[in-house]
Amino acid sequence: MLILLDVVTTAAILFIVSAGLLAIFGVLKIINFAHGAWLTVGAYCAVVAARLGLNPWAALPLAFAVGAALGTVAEWLIIRPLYRRPLDAILATWGLGIVIGQLITLAFGRDVQITPNLLGGTVALFGLDYSLYRLFAVLAAVLIGGSCAALLEGTRLGLKARAVIMNEALARALGIDTARVRLATFAIGAGLSALAGVLLTPLTSVDPNMGVAWLIGAFMLVMVAGGSFAALAVACLVFGAVQVLVSTFVSPILGSISVAVLAAVVLRISPRGFARA
Amino acid sequence: MLDETAPHAGTPPPLQLRDVTSGYGAAPVLHGVSLSVAPGEIVALLGKNGMGKTTLLKTALGILPLKGGTVLVGGTASAGLSPARLVALGVGYAPQEQPLFPDLTVRDNLRLALRSDRDLAAGLDHAASSFPFLRDRLRQRAGTLSGGEQKMLILARALMMRPRLLLVDEISEGLQPSVVARIAAILRAERAERGTAMLVVEQNLDFALGVADRWAVLKRGEIDDAGPSGPAMRGRILEHLSI
Amino acid sequence: MPDRSTATRPGLAPAVLAPVALALAAAALVWVAPEMLDTFSVNVLTRSLLYAALAVTVDLLWGFTGILTFGQAAFFGAGAYATAIVLTHLGSSPAWVLAALALSVLVPMALGALVGWLSFHHGSTPLYASVISLVFPIVVTQLVYSGGEWTGSSSGLVGYDTLPLDLPGFFRLAGIFAVLVALGAWVFVRSDAGKLLVAVRDNDARCSYLGISPTRVSALLTVALAGVAGLTGFLFAQASGVVAPENTGFLFGTELVIWVALGGRGTVLGPVLGAVAIDYAGATLSGDLPFLWQLILGSAFVVVIILLPDGLAGAIRRGWTRVNARRDAAAPAVVALPAAGAAAGGAEPLLVVTGLGKRYGSLSVLDGIDLAVRPGELVSLVGPNGAGKTTLMRCLSDGTEPYQGSVQVAGRNTRGMTPERIVALGLGRKFQVASVFDSLSVADCLRLARAARDRPSPLGAAATLRLPAASLDILRLTGLDTALVTPVRLLSHGQRQALELAMVVALEPKLILLDEPTAGLTKAERTTIGTILRRLTADLGCAAVLVEHDLDFVREISTRVVVLHGGRLVLDGTVAEVVDSDLVRAVYAGAAHA
């Protein structure tokens, strides 16, 4: 039972961390290697909110706004010239991640920061005392996935984004301003990444390099998911299960690389990953 | 020759191409094409496959960059304007290649042609008045329509944009004669009601001569011949089109 | 006049001479440098020079071949760990040192073979190869962490016996090694075989259709450079006396890429100077300005990627060639190969298509196509847009394309075969948009077309270029024979089409597929292409299948015309039969319904 809960909550955390990266990759076909930096920025928004004496939950909207604003600037200055050079976009965003990491270091120092707990304590479930926050993560993942789906399926921006994904040439020919769709998508994806950073604070220590540790796992999941939130949810469950099982029964170190290895193998066998499954 | 047709007094022609060179990558497909469409005029662009007809439409809409010459849309030079800006200037497009989003519903395909969802109800009504079958198919995926229905959806979507200039690419391709006749009637009615100017790329000569006021034949990226519409022109044009 | 290009050149010498002279000078500098530098600098620069050698291997993969890799760090780390493990746990006698040397090369090469197999397969994307190169160092690092006593886990291995050299000695060893790696890379990329790397980067599809497997080239290069990286790791383990998990990691892999990017990808000197300068400056400055240095480096990296994709060395080189008119490399002398005997007419068909069908989802693009083409035939494939002509060409030349029915080329069923294997059966394919290598010269392109038959030299540029007479005819008729050293990107549209045709003909194919070879050509160019196609089929016994919109052209040159409409073969007959057919008139006037 504990394992099952661990699997579900691990999958939820993976989903939260990957959602912003997926939103950007799905529409723009660009891998935002500064994703780790946005997670860090989000976590430091929680630090700032605490210093300002705000309610810890206020860090969530703050992080989304800061992340989206930074995303807007980054899309305009760095991503826009590189849509036709996707490999270079990986590198430029990686460089951007270095820059953001160093700026945070200059502002806050390289020490670990303490953030207030969003939700403490445990709850009795199936005869176990389980971390309340990990259970909340499942709710958060469902909310994030649900709002992304609602945004994509239910709004005009979402419709335009889907049109750009399916057939960008036709979308342009119908007069859709694809540059604006891209800008909005990148801003929302970056906002989601920063939001995820806040949600990570109770689970991990906050320091200027915290994001990098999460980047590769998120990146592999997104490659396997291909661009669909549903496929991402499946991928998170499968890979979360593997990670928990390998960590529990074999070794935690191998557990941490199992996601990456499994993703590489899945992509070797089926280049489109879970998107068709 | 064609661009010397006098524009209606005061209004600039909806489309005017002067000495246009354009193409994909390094290879020019159009070599110095001049052509204009006057307000309320329907011009048929004819020619065999691979002669540059679709390239001309894509250049007019700013999808392909201009390599030389000028394109004026409603009097505004289109160089450097995105397709989004040109569509806002009143250009509607019914493309031939990959013309629909097959995985989106009919309703969403139509919705994408509008600036805002506020006009959706009125737009759908308008589309359904020309193409009644659409009313029952709004929730169906566009890819599941029959070939003829898809063609009508493409045209309905272009008309929903309420264009001042309509670019139509091979709309009659693969259609039953009765459907071709319906489409011809709808194009004529649209022109009569709203004075929409049209540039119609066609391989179906009878359809083209039936709707157009004038025709031009494109051959190897140049205007090879042109003239006014009429049954007498059929033989002359067929010379250009047949083997 | 096959030997119109003037000077007979003394073998390979000039291509190798200049770099060797420069390398000797660099080696001399490396030799005396420890005398003039302080201990700190000697120490740091020893490491920097080894990193420079590693950066060159990254550049060969990324800058020249287009494979963005973070994996060289892991091969380097594997080599270093192999060395340190042998020396720590097994012994440090000369025999064990030799064993460590061998293992430091062989283990990374074996890993390289695995990475190559994972990264490069028919249909894999450049992004996927980068993904693998990213996962790989992470896995290696984690394995090091979980290696317990054997790898020293997070503290690494230290205190093993190293080679009996002092600090300047290791500096010189590292320096000479870096010079040798750079020299080797320089000579190789300027050689005929080295052009393969750029060819794969520019246009892997064209490589396939020249019978060169881009996946094989990429995988072999990965294995070879994994060995070089491992050897670098051996030297690093010797010189530093310590190996740590960071030496294998993904972060180190990204640093290598940053050095190459800033120095200049696609040049040999750029990465060397980039690695040495940045690593040395970093070691010197990071004490005083720890975070600022990283900040400046990161910003510079972003700016260079966006604005100067070929780095500082690339920018300097571009400026240089703008000021100094490009000195023309000597053109190779073109030699005509003896013409192969004309195949007996009326022999077995070269192409047999039976019941070929292809669907995309519910859409049927091709349906029940039967077609046989014999030597000497020139078959034109006509039909309106969307008739399935290009799809048919693809099914004929790529057996990995899913389709129903069967395709036989020269008597062999090609289902499942990659294009390069079908090309080996005697097929040549010319694409609609000329598919050539933009970064190379005309002569390089032609030589690559011969690469499957005349093995190119990895050391220099051969003084002669052997081409079949028909290929030579194309060059002469289009004036390309006087433009052999011209970069392909400067050619006109018509010249590019002619070059691609000359490349395809240089394969000496038995069956040629051509997709709209005359699109966008002038009247004179069309006539030339028609003349050549007739000569190839009528005189040399090739078979040709031609997709063509220009029906005048079809009428002039075809021996047979096949009409495709709505994915079906509706007519197959002589030119006269097809031209007079009502059906074709109807298809082209738009009155027929599929």
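Reminder, nothing fancy here: chain letters follow the sequence lines and each chain counts from 1.
Ring-centre distance between F219(A) and F33(A): below the 6.0 Å cut-off.
Using a 4.5 Å cut-off between heavy atoms, L118(C) touches chain A through backbone and side chain atoms alike. In this structure, chain A has a heavy atom under 4.5 Å from the side chain of F70(C), while its backbone stays farther away. For chain A, no part of F136(C) is nearby; none of its heavy atoms comes within less than 4.5 Å. With a 4.5 Å cut-off on non-hydrogen atoms, L91(A) touches chain C through its backbone and its side chain both. At a 4.5 Å heavy-atom cutoff, the contact between S130(C) and chain A is made by side-chain atoms alone. Contact of I78(A) with chain C is made through backbone and side chain together, with heavy-atom distances under 4.5 Å. Contact annotation for L77(A): only backbone heavy atoms (N, CA, C, O) come within less than 4.5 Å of a heavy atom of chain C. Residue W62(C) touches chain A through its side chain alone, counting heavy-atom pairs closer than 4.5 Å. In this structure, the portion of Y128(C) lying under 4.5 Å from any heavy atom of chain A is its side chain and not its backbone.
The greatest number of non-hydrogen atom pairs below 4.5 Å with chain A, out of V139(C), I132(C), T254(C), I258(C), is found for T254(C). Of the listed residues L134(C), L307(C), L251(C), V257(C), the one with more heavy-atom pairs under 4.5 angstrom with chain A than any other is L134(C).
Each of E255(C), R265(C), Q72(C) was evaluated against V260(C); a single residue qualifies, R265(C), per the side-chain contact (heavy atoms from CB on, under 4.5 Å) test. With respect to L225(C), the side-chain contact (heavy atoms from CB on, under 4.5 Å) criterion is satisfied by exactly one of L61(C), V56(C), L220(C): L61(C).
Heavy-atom neighbours of chain A within the stretch residues 293-306 of chain C, taken at a separation under 4.5 angstrom, comprise Q294(C), L295(C), G298(C), S299(C), F301(C), V302(C), I305(C), I306(C).
Among all heavy-atom pairs drawn from I67(C) and A129(C), the shortest one is CG2-CB, 4.3 Å.
Under the 3.5 Å distance criterion, with hydrogens and angles disregarded, no donor-acceptor pair is assigned to the side chains of T418(C) and T400(C).
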